[in-house]
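These notes are about the structure you will find just below.
Sequential numbering from 1 along the given sequence is applied to the chain's residues. Atom set for the values below is all heavy atoms of this structure, side chains included, hydrogens, waters and symmetry mates excluded.
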Amino acid sequence: KRHTESFLSDNTSQFSQQNNQSNGKTDAISGNFRFEWKIDSLTTIMYRPSVNFSKGNSNSRSFSETLNNELIPINQKETTNRQTNDRFSTNGSLQFNRKLNSKGRNIALRLYYNLDNGNSDRYSLANTYYLKYGDSIKVQNQWIDNLNQNNEYRVQLTYMEPVFTNRFIEINYSYQHRSSLSEKYVYDWNGLEDSFSQYPDTAQSDCYKNKYSIHQVGAFFRTIRTNYFYNIGIEVEAQKTANKSYMRDTTFEYLSRNAINYSPTINFKYTFSKQTTLRINYHGRTAQPSMTDLYRKKDISDPLNIRLANPELKPSFNNNISATFNTYFTETSRSFNANLSYNNTMNSTTRIVTYDENTGGQTTQPTNVNGNWRINGSLTFSTPLSNKKFTVNTHTNTNYGNSVGFTVLNKESDAVKSNTTNLFLSERLKGSYRSDLIDFELSAEVRYRKSEHSIKKENRRETFDYTFGTEANLNLPWDIKISSNINCRLKRGYGGKNDTNRTLWNAQISKSFLKKKKATVRFHLYDILRENESSERSISENSITDRESSTSNVYFMAYIAYRFNTFGQKRKRQSVQN
């Protein structure tokens, strides 16, 4: 379930609500492998490949409606989908590392590849009812073929050269090539022929190919001392992007773009003692707008949510600075951690949302904006009690930020700039007990969120989330273990049915057997109370959305696990022979 309030003006909102139901089945198999060869004390080769394959089908249906400020429906939409899909992907990395001397001279070569191919067939029936001026209906009865292919490979060479004492210069170069293909062919139902058309609907079909070629050069100066460490450097990235829009054998548009990105980096670490450190980091990065935001054609697949591109988008630049302080008291086993970070983006990409008062639909278009920033701080403290079996820890977190958006009430009016500020505070307290027989833990957390919108200043939202939980692990004779956890979640301030109480209870039992307890049998029961529902609130530049979801309730899983361990066998055999 989803409920959204969009702020149109200081006294007007638009509401939308949607219910979705879906079920599906997926069969998947995956494998990964790690190969490490230490040729000698100076040379190491490592290879890590993985392969994944999945095949599935799903059925879904949804009902949605849009209401005006007086809660009168403007439109309604019913959708049914049936889909089959399959996907194959493989990726891997090969790393070669060679130490050239004992003073820190080093060279490393890294190769990476990724292949990801998927396709799906979907039958979609959507009926959209426009209710404001009499009943009119738009029917979309379609068969949709989707094909997606993504290929990537990357080569990186890094050279480390010691200069003076405990000072190093690192130079790296990398080349990356990415290509992506997306073909979406939409076939409309032909009532006269009682079948889907053999020719695709060119207005709703969309096919494009993207190619990215990236050369990156970086230089860093690094100093290592007993009490401090710092690293200063910059990476320059030359990027070439090409985009081709086509339909079968016909090319509609071919566009290319060249860009230069910069990524400065500063890292500093000061060690007061073995237990106390301070880290300060800065990272900046240029990001180019995506080709879909720049050149993708008008997307009208959903008549209530039309998407446009903007070829005038500028690159953005993100600044992130953070400071972290850690300390540990050996005598008492207490630890303390503090973190503070700030992030802002210049020329970030946001959306201009244009509302149609007659249909209740909206059109979005990307644009650049300044004023998006966020600051975050956290404190963590942990201490054992006198007997060391009891431990108490607390975590405090705060987050405050601002986001900017634009709203257009109708095509004739100008865009209205809006600012949304979000304040988030949380406190978590946890106590645990550890012994050979039982492990026991109690926890409590409260989260507070406040949001304010410049369009509707009086419409301030405040919510509270409370979580109380307990977890226990019992170690019985004959290598039997019983575990259980219960979490109670209370939501307040969301309004109406969104203020919920949920209790989630899971339990499991396991037994280990065979020599060295290499085999384990485990039985796990999930959501015993049938309350596995989740809800969340997301706040954007000009709207608030509440989502509530539930999955299949009670279910169980049975496991059989066996550990293989061959490490050290060669050394053991050699020592026996000697």
How many angstroms lie between [atom1] in [X] and [atom2] in [Y], if you round to the nearest 0.5 Å?
X: T470; Y: N485; atom1: OG1; atom2: CG; value: 8.5 Å
X: C488; Y: L504; atom1: SG; atom2: CG; value: 9.5 Å
X: I72; Y: L67; atom1: CD1; atom2: CG; value: 9.0 Å
X: Q204; Y: S301; atom1: CD; atom2: OG; value: 6.5 Å
X: N310; Y: L294; atom1: CG; atom2: CG; value: 7.5 Å
X: T363; Y: D356; atom1: OG1; atom2: CG; value: 7.5 Å

Which residues pass the side-chain contact (heavy atoms from CB on, under 4.5 Å) test with D293, not counting sequence neighbours?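 Counting only residues at least two positions away or on another chain, D293 forms a side-chain contact (heavy atoms from CB on, under 4.5 Å) with S290, L313, T349, R351, P366.
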Going by the rule side-chain contact (heavy atoms from CB on, under 4.5 Å), which residues pair with S549 if we only count those two or more places apart in sequence or in a different chain?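 Partners of S549 by the side-chain contact (heavy atoms from CB on, under 4.5 Å) criterion, ordered by chain and then number, come out as S534.
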Heavy-atom count check: over 12 atoms from other residues, nucleotides or ligands less than 6.0 Å from [X] [atom1]?
X: I560; atom1: CD1; answer: no
X: K511; atom1: NZ; answer: yes
X: I29; atom1: CD1; answer: no
X: K132; atom1: NZ; answer: yes

Aromatic contact, F196 with W189 (centres under 6.0 Å):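 When the ring centroids of F196 and W189 are compared, they turn out to be within the sub-6.0 Å range.
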Could you tell me whether Y526 and Y555 have their ring centroids closer than 6.0 angstrom?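 Yes: the rings meet the under 6.0 Å criterion.
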side-chain hydrogen bond (donor to acceptor under 3.5 Å, both in side chains) partners for [X], two or more places apart:
X: R374; value: N399
X: Q149; value: none
X: D546; value: R537
X: S16; value: none

Quick one: does [X]'s side chain have a donor or acceptor within less than 3.5 Å of a partner on [Y]'s backbone?
X: R522; Y: M557; answer: no
X: D499; Y: G493; answer: yes
X: S205; Y: D201; answer: yes
X: K244; Y: T251; answer: no
X: N119; Y: L147; answer: no
X: N372; Y: V404; answer: yes
X: D527; Y: E531; answer: yes
X: N150; Y: S180; answer: no

Not counting sequence neighbours, which residues clear ring-ring contact (aromatic ring centres under 6.0 Å, His included) with [X]? List them please.
X: H215; value: Y175
X: F523; value: F556
X: Y129; value: none
X: H395; value: none

Is the closest side-chain donor-acceptor distance between [X] and [Y] under 3.5 Å?
X: S50; Y: N91; value: yes
X: Q216; Y: Q176; value: no
X: D188; Y: S197; value: no
X: Q17; Y: E65; value: yes
X: S538; Y: R547; value: yes
X: T407; Y: N542; value: yes
X: E237; Y: N261; value: yes

With a 4.0 Å cut-off on N to O distance, would you call [X] and [Y] a salt bridge?
X: R87; Y: D116; answer: yes
X: K77; Y: D302; answer: yes
X: E5; Y: R461; answer: yes
X: K491; Y: E548; answer: no

Flag side-chain contact, heavy atom, 4.5 Å: P289 against R257: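 A side-chain contact exists here, since the closest heavy-atom pair is under 4.5 Å.
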Residue pair F63 / Q18, side-chain heavy-atom distance below 4.5 Å: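 SC-SC contact between F63 and Q18 ruled out.
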Identified side chain to side chain contact (heavy atoms under 4.5 Å, CB included) partner of Q14 from the options T66, N68, T4: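 Per the side chain to side chain contact (heavy atoms under 4.5 Å, CB included) rule, the option paired with Q14 is T66, out of T66, N68, T4.
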Hey, does the Lys NZ or Arg CZ of K209 hover above the aromatic six-ring of Y246, less than 6.0 Å from the centre and inside 45° of the axis?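 Cation-pi check for K209 and Y246: passes.
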Using the ring of F464 (Phe, Tyr or Trp, six-membered ring only), decide whether R492 places NZ or CZ under 6.0 Å from its centre and within 45 degrees of its axis.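 Output no; distance or angle outside limits.
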Given side-chain contact (heavy atoms from CB on, under 4.5 Å), test E36 with I45 step by step and report yes or no. CA-CA 6 Å; E36 185 173 354; I45 295 177; over 6 Å; no
For Q239 and Q288, what are the C-alpha separation, side-chain angles and deciding distance, and is it a side-chain contact (heavy atoms from CB on, under 4.5 Å)? CA-CA 9 Å; Q239 174 181 313; Q288 302 296 326; 3.9 Å; yes
How far apart are the C-alpha atoms of K517 and D479, what are their side-chain angles, what is the distance that settles it, and do they pass the salt bridge (charged side-chain N to carboxylate O under 4.0 Å, His left out) test? CA-CA 9 Å; K517 310 297 184 279; D479 298 304; 3.6 Å; yes
Quick one, I486 with T503, criterion side-chain contact (heavy atoms from CB on, under 4.5 Å). Give me CA distance, side-chain angles, the key distance, then yes/no. CA-CA 7 Å; I486 300 176; T503 301; 3.8 Å; yes
Audit row: Y130, K138, side-chain contact (heavy atoms from CB on, under 4.5 Å) steps and yes/no: CA-CA 8 Å; Y130 301 98; K138 179 178 178 61; 4.1 Å; yes
So which pairs with a foot in residues 53-64 pass side chain to side chain donor-acceptor pair (under 3.5 Å), sequence neighbours left out?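 Listed by first then second residue: Q21-R61.
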Which residue pairs satisfy the salt bridge (charged side-chain N to carboxylate O under 4.0 Å, His left out) criterion with at least one member in residues 12-30, sequence neighbours excluded?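 Every pair satisfying salt bridge (charged side-chain N to carboxylate O under 4.0 Å, His left out) with a residue in residues 12-30: there are none.
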